[in-house]
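Being a predicted model, the structure only gives us computed values, none of them experimental. Proteins come first, then strands; the chains are lettered A, B, ... in the order of their sequence lines, and each starts at number 1.
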Amino acid sequence: MNNSACRSALVFALALSVSLTTLARGYFNDPAPLTVPHPTSFAECRQFFPEGRPPVVPKRPALRELCYEAFAVLHSGETKTPVFVAQRLNRKSIEDADERRADKFFADARLPAAERAELEDYKRSGYSRGHMAPAGDMPTPTAMAQSFSLANMVPQNAQQNGGSWAKIEQDTRRYVLRAKGDVYVITGPVFEPDAPTIGEGRVCVPRYLFKLVYDATTGRSWAHWQENREGERVSAPITYKELVQRTGVEFLPGLGK
DNA sequence: CGGCGGGCAATG
DNA sequence: CATTGCCCGCCG
């Protein structure tokens with residue numbers, strides 16, 4: 001099954017900064033502690049981006065900015081997945097990340113129904129609901145609950161998610177524990193033209209996943225790059241420049257090297 | 001080997 | 001719809 005809408009996710013036009021459409025404030029589907037309205041503009045959660053500057057993403061339809069307590073999502077209504085998910089981590093946030101995992105996935109009601117993944121799309125799809133901002137990073141119960149929004153998920157191979165990808169997440173947490181200050185992490189999917197889809201909602205299945213790590217203290221950055229398939233191993237990170245070339249997104253405007 | 005972190009599905 | 005038990009891979 002293919003979805004031509006997935007195509008545009010990788011066909012980048014000119015890399016122009018665009019002002020993104022924002023939604024009127026809405027609500028999560030879940031009850032408390034998710035009933036508090038959360039901002040739908042990165043202007044209200046700049047803390048997740050180094051020097052407050054979000055990535056520069058080429059214009060495409062149905063992009064929406066979503067702020068959560070512990071991460072920010074740029075969501076695509078075409079792929080019904082994140083374009084990227086941004087976090088700011090440090091030693092304290094990782095030390096606080098001892099919440100009990102609560103597997104309560106939910107469709108994010110701040111997104112229009114036509115733009116969002118539903119639980120049904122993932123069910124019996126053969127793919128896992130793979131967190132971009134990991135549940136294991138979440139420092140509070142509220143943040144933990146919010147991380148189960150499908151706006152923070154992509155259809156991910158179960159073996160890769162629980163294997164090499166989990167190791168990358170663990171390695172990143174371990175790095176942050178020993179870092180001097182804030183570490184910014186940006187995680188996301190990469191789609192090929194004619195990407196397969198799952199469910200009646202046709203949620204696009206990414207071919208690759210990346211995780212960019214930027215240590216603001218040292219100015220160093222690197223990126224993990226994995227295929228979304230069984231049998232992947234953790235290999236040497238790629239450079240920031242290489243990541244930008246592969247994705248067409250300037251994740252660290254003015255900072256990356 | 002047990003514990004942990006990534007998940008799933010059956011049960012009531 | 002919440003609880004519970006289970007599978008899997010990795011690591012110390």
**OP:** Rounded to the nearest 0.5 Å, what's the gap from NZ on A:K241 to CG on A:L243? Could you check?
**Re:** 13.0 Å

**OP:** Please list, chain by chain and in numerical order, all residues satisfying side-chain hydrogen bond (donor to acceptor under 3.5 Å, both in side chains) with A:H224, sequence neighbours excluded.
**Re:** none

**OP:** Apply ring-ring contact (aromatic ring centres under 6.0 Å, His included) to A:Y214 and list each qualifying residue two or more places apart in sequence or on a separate chain.
**Re:** none

Subject >> For A:Y127, ring-ring contact (aromatic ring centres under 6.0 Å, His included) partners two or more places apart >> reply: none

Subject >> Between P of B:dG5 and CZ of A:R101, the distance in whole Å >> reply: 10 Å

Subject >> Sequence-distant partners of A:K123, side-chain hydrogen bond (donor to acceptor under 3.5 Å, both in side chains), two or more places apart >> reply: none

For nucleotides 8-12 of chain B, print each protein N/O atom paired with a nucleotide N/O atom at under 3.5 Å, atom names and distance only.
residue : atom : partner : partner atom : Å
B:dC8   : OP1  : A:R129  : N            : 3.4
B:dC8   : OP2  : A:R129  : NE           : 3.2
B:dC8   : OP2  : A:R129  : NH2          : 2.8

**OP:** For atom CD of A:Q245, decide whether the heavy atoms of other residues, nucleotides or ligands shown that lie under 6.0 angstrom number more than 12.
**Re:** yes

Show me, pair by pair, the donor-acceptor contacts under 3.5 angstrom made by side chains of residues 227-234 of chain A, not counting sequence neighbours?
residue : atom : partner : partner atom : Å
A:E227  : OE1  : A:R207  : NE           : 3.1
A:N228  : OD1  : A:N157  : N            : 2.8
A:N228  : ND2  : A:P155  : O            : 3.1
A:N228  : ND2  : A:P206  : O            : 3.0
A:R229  : NH2  : A:E232  : OE1          : 3.0
A:E232  : OE2  : A:E227  : N            : 2.7

Original post:
When you check the phosphate oxygens OP1 and OP2 of B:dG5, does a side-chain N or O of A:H131 lie under 4.0 Å from one of them?
Top reply: no

Atom pairs under 3.5 Å, N or O on each side, protein against nucleotides 3-5 of chain C: can you list them with distances?
none

Original post:
Hey, is the side chain of A:R233 poking within less than 4.0 Å of OP1 or OP2 on C:dG9, counting only N and O atoms?
Top reply: no

**OP:** Measure the distance from CD on A:Q170 to P on B:dG6 and round it to the nearest whole Å.
**Re:** 8 Å

Original post:
Does A:D171 have any salt bridge (Lys or Arg N to Asp or Glu O under 4.0 Å) partners at least two apart in sequence or in another chain, and if so, which?
Top reply: A:K167, A:R174

Subject >> Nearest-angstrom distance from the residue atom CZ of A:R174 to C1' of B:dG5 >> reply: 13 Å

Subject >> Where at least one partner belongs to residues 131-151 of chain A, residue pairs that pass salt bridge (charged side-chain N to carboxylate O under 4.0 Å, His left out), sequence neighbours excluded >> reply: A:D137-A:R173

**OP:** Remember a base hit wins even if backbone is also touched, and classify A:Q156 as base, sugar-phosphate or nothing at under 4.0 Å, heavy atoms.
**Re:** nothing

Original post:
Rounded to the Å, how far apart are A:M138 CE and B:dG5 C1'?
Top reply: 14 Å

**OP:** Take atom CD of A:Q160 and atom C1' of C:dC7, then tell me their distance rounded to the nearest Å.
**Re:** 18 Å

**OP:** Rounding to 10 degrees, work out the angle separating the end axes of the helix from B:dC1-C:dG12 to B:dG12-C:dC1 (five pairs an end).
**Re:** 30°

Subject >> Electrostatic pair A:E78-A:R60, nearest N-O below 4.0 angstrom >> reply: no

Original post:
What is the distance from CD of A:E99 to P of B:dG6, rounded to the nearest Å?
Top reply: 13 Å

Subject >> Listed partners of A:R53 passing salt bridge (Lys or Arg N to Asp or Glu O under 4.0 Å), at least two apart >> reply: A:E51

Subject >> Interatomic distance where CD1 belongs to A:I94 and C1' belongs to B:dG5 [whole Å] >> reply: 13 Å

Original post:
Is the phosphate of B:dG6, meaning OP1 or OP2, less than 4.0 Å from a side-chain N or O of A:R173?
Top reply: yes

Original post:
Does A:R129 have any salt bridge (Lys or Arg N to Asp or Glu O under 4.0 Å) partners at least two apart in sequence or in another chain, and if so, which?
Top reply: none

**OP:** Write down the distance between CG (A:N152) and P (B:dG6), rounded to a whole number of angstrom.
**Re:** 12 Å

